[in-house]
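Worksheet for the structure shown next.
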Amino acid sequence: MQLVHGLHFNNLRGDIYGGLTAAVVALPLALAMGVSSGAGPIAGIYGAIFVGLFAALFGGTPAQVSGPTGPMTVVMAAIFTQYTAMFPDRPEYGATLAFTVVIMGGLLQIVFGVLKLGRFINLIPHPVVSGFMSGIGVIIILLQLGPLFGHATQPGPMASLNALPGILAAPVGAALMMGGLALLIVYLLPQKINRIVPSPLMALIVGTLVLFFWQGGEISRVVVDGSTRFMMGDVSVLGDIPTGIPSPMWPVLELDLLVEMLKSALILAALGSIDSLLTSLVADNVTHSYHESNRELIGQGIGNTLAGLFGGLPGAGATMRTVVNVRAGGLTPISGALHALVLLAIVLGAGVVASYIPHALLAGILVKVGTDIIDWDYLKRLKHAPKGGVAIMFVVLIMTVFVDLVTAVAIGMIMASFLFMQRMVDLQINSINTLTGPQEGSNLSEQESAILAEAGGRILLFQVSGPMSFGAAKGTARRLARFDAYDDLIIDLSEVPQIDYTSSRAVDDMLHSAWDSGREAFIVGCRPQVANMLKKQGITARFSEDELNMSRLDILKTALAHIQARQST
């Protein structure tokens, strides 16, 4: 097996340009997501470096670029706020707990890959993914409303909505101008310029320069509600940003919080896996290749484990950065690794420059990220989409925003499973064929049709097709209950490959219902797996081996003989 999946040097020029371009796009996004998470802008950069480098080296999607993403940042913000709030006197200890959760999440992703769980990504239906991603987009937008108007970031979407009237009533004019400038650039920058300088980087450069020359470039330190903020005039800026390679933050465990930490880690691991593998599918479509899901999970897990160890945000495969990388020519892990090394070089030398970046500017960039995450394509198709899928999408969206991510996905999957089950039940019941005489299009031979005709409707041939599941058991029995004018019942299971316990009891009920009303009843065509299940449940105990092995034609002849004997007496 190749040590680095997809590595070759035949596309070196394209990989170098792709890696450089992806780094340019990733820089403002990593800074913005670091600020949004509460862990600080440098945490976003460290996350992009460690996840980007090690996911490229050990992952299973050659052209993928990884780093902090919108969904992962939203979850990390909740985790960071939760654990730092538990220790108000020792916020650094709470932060260490939060990054320990990131390490645990990375280790869980490695376990997912080793257990080969990557294949299950294909089982998540699109309405669940659509509602989840749209909900994440709404959360990102809501969380950025405060910084966009010059106020502090609220701890969650509900808090942002509650604070919105006060924020709108007292905006900070200079900050709002910075945020508005960012929005204008990221939404309206001409495509020709955007190809040369990505709009987020253009907004970062232009907005920071405008604020620097407008406010004189002097940064002051202000304490607001017990927390330190760096200001340039009336506008909040990033301020002091650490430079250099980070020192390890050794994990710590609180036994009283272990279950809660495992739950948080599982959320990160599950979300990071889904986010990455969905991006892998996008990369496959763009590059016309195939990724290795389980290897990708292991690579992402290694990256997230090391990111947590060095105080970086958790990450995943980033769709926008991956597409930018491929369009710029990147096709191998070289481009993803180079993108991380370029960001490392920036951290080592550009921390002073980044301190002048205003929070409102980053908020405007993230609002664009939020709107890009929303699944507008599905929303445009709502009129023509199946109503069940639309209902699932909106339930997942609302629960993602107002409850939590795991509950939203779990309920979406349960709803989708029930919807799928109902469709399968309908198909199974509709596949039942009830014959009391010759019927055009049936699979009966001429001799079998002749016997049914001779019986004059007194034989009911009840044919079941496909697997019999517990969902269709009662519907199958109800279907038989509609018929009363017959003397002999033949249950034809020749096209049933398997049967479960509940369905076997339904067969038993149908047989005894016929016997209790003085009719004859037979089973024909049992395949070995079906016959074994019926035998274990004692359902075929009344039949001899010869009767169970009789063909459908012989059973029809036997039933006709019974009817003729009754008529003669």
Side-chain angles (χ1 to χ4, degrees), residues 120-132 378 381-397 399 408-444 452 457 459-486 489-514 521-527 529-531 533-534 537 539 552:
F120 292 114
I121 184 66
N122 296 319
L123 300 181
I124 302 178
H126 185 265
V128 175
V129 176
S130 176
F132 174 73
Y378 190 86
R381 302 170 187 266
L382 287 181
K383 288 184 179 179
H384 308 290
K387 292 181 180 179
V390 172
I392 291 172
M393 190 276 290
F394 277 111
V395 168
V396 173
L397 191 159
M399 296 202 67
V409 172
I411 289 181
M413 288 298 294
I414 291 171
M415 291 178 65
S417 299
F418 275 110
L419 185 62
F420 174 78
M421 192 187 305
Q422 184 58 53
R423 288 173 179 165
M424 293 301 100
V425 167
D426 292 341
L427 286 173
Q428 290 173 17
I429 293 176
N430 290 335
S431 69
I432 295 173
N433 195 18
T434 50
L435 300 174
T436 55
Q439 184 173 310
E440 188 176 345
S442 68
N443 62 350
L444 300 181
L452 282 180
I459 296 176
L460 174 60
L461 182 60
F462 194 81
Q463 294 180 311
V464 184
S465 300
M468 287 187 70
S469 68
F470 65 92
K474 288 188 176 180
T476 303
R478 286 196 194 99
R479 185 73 174 265
L480 177 62
R482 298 177 187 174
F483 296 87
D484 188 52
Y486 66 92
L489 170 66
I490 300 174
I491 301 176
D492 185 359
L493 302 180
S494 55
E495 295 186 18
V496 176
Q498 62 183 20
I499 189 170
D500 63 16
Y501 174 80
T502 307
S503 298
S504 69
R505 303 315 305 173
V507 171
D508 190 42
D509 290 341
M510 288 188 284
L511 291 171
H512 279 87
S513 177
F522 307 91
I523 297 179
V524 65
C526 292
R527 300 185 186 184
Q529 188 174 352
V530 175
M533 172 60 82
L534 297 178
Q537 305 307 319
I539 296 169
R552 185 170 61 194

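A distance of 10.0 Å separates CD in Gln422 from CG in Leu427, rounded to the nearest 0.5 Å. Separating the CD1 atom in Ile490 from the CD1 atom in Ile523 is a distance of 11.5 Å, to the nearest 0.5 Å. Expressed to the nearest 0.5 Å, how far CD1 of Ile392 lies from OG of Ser130 amounts to 11.0 Å. Separation of atoms CE (Met510) and CD1 (Ile539) is listed at 9.5 Å; rounding is to 0.5 Å. Atom CZ of Arg527 is separated from atom CE of Met533 by 15.5 Å, given to the nearest 0.5 angstrom. For the atom pair CG of Leu493 and CZ of Phe462, the computed distance is 9.5 Å after rounding to the nearest 0.5 Å.
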Q.
The test is side chain to side chain contact (heavy atoms under 4.5 Å, CB included); show your working for Met393 and Leu382 and say whether it passes.
A. CA-CA 10 Å; Met393 190 276 290; Leu382 287 181; 3.9 Å; yes
(Q) Could you walk me through whether Leu444 and Gln463 satisfy the side chain to side chain contact (heavy atoms under 4.5 Å, CB included) test, starting with their C-alpha distance in whole Å, then the side-chain angles of each, then the deciding distance to 0.1 Å, before giving a yes or no? (A) CA-CA 11 Å; Leu444 300 181; Gln463 294 180 311; 4.1 Å; yes
**Q.** Test log, rule side chain to side chain contact (heavy atoms under 4.5 Å, CB included), inputs Arg423 and Asp426
**A.** CA-CA 5 Å; Arg423 288 173 179 165; Asp426 292 341; 5.5 Å; no
Side-chain donor-acceptor pairs under 3.5 Å in residues 408-419, sequence neighbours left out?
| unit_1 | atom_1 | unit_2 | atom_2 | d |
| --- | --- | --- | --- | --- |
| Ser417 | OG | Met413 | O | 2.7 |

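A search for side chain to side chain contact (heavy atoms under 4.5 Å, CB included) contacts involving Ala521 returns Leu489, Leu511, Ala514, Trp515, not counting sequence neighbours.
The minimum heavy-atom distance linking Val390 with Ala385 is given by the pair CG2-CB, 3.8 Å.
Side-chain contact between Cys526 and Leu534: present, with at least one pair of heavy atoms (C-beta onward) separated by less than 4.5 Å. Two residues are said to be in side-chain contact when any heavy atoms from C-beta on lie closer than 4.5 Å; Val507 and Val464 fail this criterion.
No side-chain donor-acceptor contact under 3.5 Å links Thr502 and Asp500.
The backbone N or O of Tyr501 sits less than 3.5 Å from a side-chain atom of Ser504, completing a donor-acceptor pair.
Under a cut-off of 6.0 angstrom, the local environment of CZ in Arg381 is sparse, with at most 12 non-hydrogen atoms contributed by other residues, nucleotides or ligands.
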